[in-house]
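Contents: one structure, followed by commentary.
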Amino acid sequence: MALTGIGWKNLPAATKAMVQQHTGPVRSARSVSEGRNSAVAALLTTSHETVFVKGLHRDHTSRPTQDIEWMISPYVVQVAPRLLWRVDEGEWDLLGFEAIDGRHAVFVEPGSPDLPLLIDTMTLLGRLTAPRLLIRNAEDLWRPYLDDPEDSRLLAGGRLPYTDYKPLNVLVEGSRALLVDWTSPTRGPDGSTRHASSSG
């Protein structure tokens, strides 16, 4: 099914009512154009907070990515916006995140002040243990691209690497860089794996 954007005001009344059970009455809504991996992408403002809402029609072929992001969110709270709630009844499957008052990172330019922030986040991410969930393994994912398939053992491990670094997926807020769009979590290498491989 083709992905067509839809604004908050055009969602079914029943869907908006379920969202507002979590947020309270929505006073304003602004669609977010970046990314376009979700049919719904909007900032909703209430009397006491702003939340970012993303989602897909329940019939869309990519809807399982909503399940994945919901599943992995408790394990990446140190490096990603908090996932607050989910509405997955009726026609739409929507996720509500804390709104980040920031901007997309600039890290393709030498000397960018965002680079140290991203490095800090990557360092923190490198300490996170991959949860015991059904997620992709890095050695399986990248084995087809290696000259020697046996080298894929170097990619095995128990950490949780982020595999979609691009400016749109890194938000800078103050002194931190946050990683968004966790639809493809991957289990990958850690220091002990690399040491064991290099010493073997």
Side-chain angles (χ1 to χ4, degrees), residues 1-105 121 125 128 130-131 133-136 160-173 176-187:
M1 180 184 296
L3 185 61
T4 302
I6 181 172
W8 165 256
K9 67 178 182 179
N10 294 321
L11 287 171
T15 299
K16 291 189 286 188
M18 286 186 283
V19 168
Q20 291 176 107
Q21 289 178 12
H22 296 282
T23 65
V26 172
R27 292 188 170 185
S28 65
R30 178 171 64 86
S31 294
V32 178
S33 60
E34 295 91 346
R36 304 317 305 164
N37 290 323
S38 299
V40 176
L43 289 166
L44 307 182
T45 300
T46 71
S47 60
H48 63 283
E49 67 175 348
T50 298
V51 296
F52 173 68
V53 177
K54 63 180 284 189
L56 294 163
H57 195 277
R58 288 180 60 84
D59 291 337
H60 197 277
T61 55
S62 295
R63 196 198 67 81
T65 61
Q66 297 279 107
D67 298 328
I68 295 171
E69 198 152 11
W70 176 253
M71 172 185 67
I72 201 66
S73 64
Y75 302 95
V76 296
V77 292
Q78 297 180 64
V79 294
R82 289 179 300 121
L83 179 48
L84 306 173
W85 46 261
R86 184 181 188 183
V87 167
D88 62 347
E89 301 176 17
E91 295 182 49
W92 290 85
D93 186 344
L94 304 177
L95 301 174
F97 295 84
E98 66 170 324
I100 301 302
D101 185 16
R103 56 177 174 77
H104 296 296
T121 297
L125 181 62
L128 299 185
L133 299 172
L134 186 61
I135 60 177
R136 307 181 307 173
L160 192 63
Y162 187 72
T163 60
D164 196 15
Y165 284 103
K166 56 187 177 184
L168 287 179
N169 283 347
V170 182
L171 295 179
V172 172
E173 182 187 51
R176 62 177 184 163
L178 297 174
L179 308 175
V180 303
D181 195 4
W182 282 86
T183 57
S184 300
T186 304
R187 183 178 291 102

Given side chains that start at C-beta, do those of [X] and [Y] come closer than 4.5 Å, heavy atoms only?
{"X": "W70", "Y": "L83", "answer": "yes"}
{"X": "K54", "Y": "D181", "answer": "yes"}
{"X": "N37", "Y": "T65", "answer": "no"}
{"X": "L95", "Y": "E69", "answer": "yes"}
{"X": "V79", "Y": "W182", "answer": "yes"}
{"X": "D88", "Y": "Q66", "answer": "no"}
{"X": "T121", "Y": "L179", "answer": "yes"}
{"X": "V180", "Y": "F97", "answer": "no"}

Checklist line | side chain to side chain contact (heavy atoms under 4.5 Å, CB included) between V26 and K16, worked out | finding: CA-CA 9 Å; V26 172; K16 291 189 286 188; over 6 Å; no
When you look at [atom1] of [X], are more than 12 heavy atoms from neighbouring residues, nucleotides or ligands closer to it than 6.0 Å?
{"X": "R30", "atom1": "CZ", "value": "no"}
{"X": "D101", "atom1": "CG", "value": "no"}
{"X": "Q20", "atom1": "CD", "value": "yes"}

For [X] and [Y], which heavy atoms make the closest approach, and how far apart are they?
{"X": "L178", "Y": "P81", "value": "CB-CD, 4.1 Å"}
{"X": "T46", "Y": "G24", "value": "CG2-O, 3.9 Å"}
{"X": "N169", "Y": "D164", "value": "ND2-OD2, 2.9 Å"}
{"X": "Y75", "Y": "L128", "value": "O-CD1, 3.8 Å"}
{"X": "G7", "Y": "S31", "value": "CA-OG, 4.0 Å"}
{"X": "I100", "Y": "E173", "value": "CG2-CB, 3.7 Å"}

Notebook entry, point to check: Among H57, H60, R63, whose side chain to side chain donor-acceptor pair (under 3.5 Å) with D93 holds?
Noted result: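 Filter result, single survivor: R63.
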Separation between [atom1] of [X] and [atom2] of [Y], rounded to the nearest 0.5 Å:
{"X": "D59", "Y": "E91", "atom1": "CG", "atom2": "CD", "answer": "8.5 Å"}
{"X": "R27", "Y": "H48", "atom1": "CZ", "atom2": "NE2", "answer": "10.5 Å"}
{"X": "E89", "Y": "T15", "atom1": "CD", "atom2": "OG1", "answer": "9.5 Å"}

Next item on the list: Take M71 and L134, measure what side chain to side chain contact (heavy atoms under 4.5 Å, CB included) needs, and give me the verdict at the end.
Entry: CA-CA 10 Å; M71 172 185 67; L134 186 61; 5.8 Å; no
Margin query: Determine whether W92 and V53 satisfy the following criterion, side chain to side chain contact (heavy atoms under 4.5 Å, CB included), listing intermediate values before the conclusion.
Written below: CA-CA 12 Å; W92 290 85; V53 177; over 6 Å; no
Next item on the list: Taking atom types as modelled, find out whether R136 and T186 have a side-chain donor-acceptor pair closer than 3.5 angstrom.
Entry: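 Yes, because at least one side-chain N or O of R136 sits under 3.5 Å from a partner of the opposite role on T186.
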Next item on the list: Pick out which of V76, T163, I68 makes a side-chain contact (heavy atoms from CB on, under 4.5 Å) with P185.
Entry: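 So, applying the side-chain contact (heavy atoms from CB on, under 4.5 Å) to P185 and each of V76, T163, I68, only I68 qualifies.
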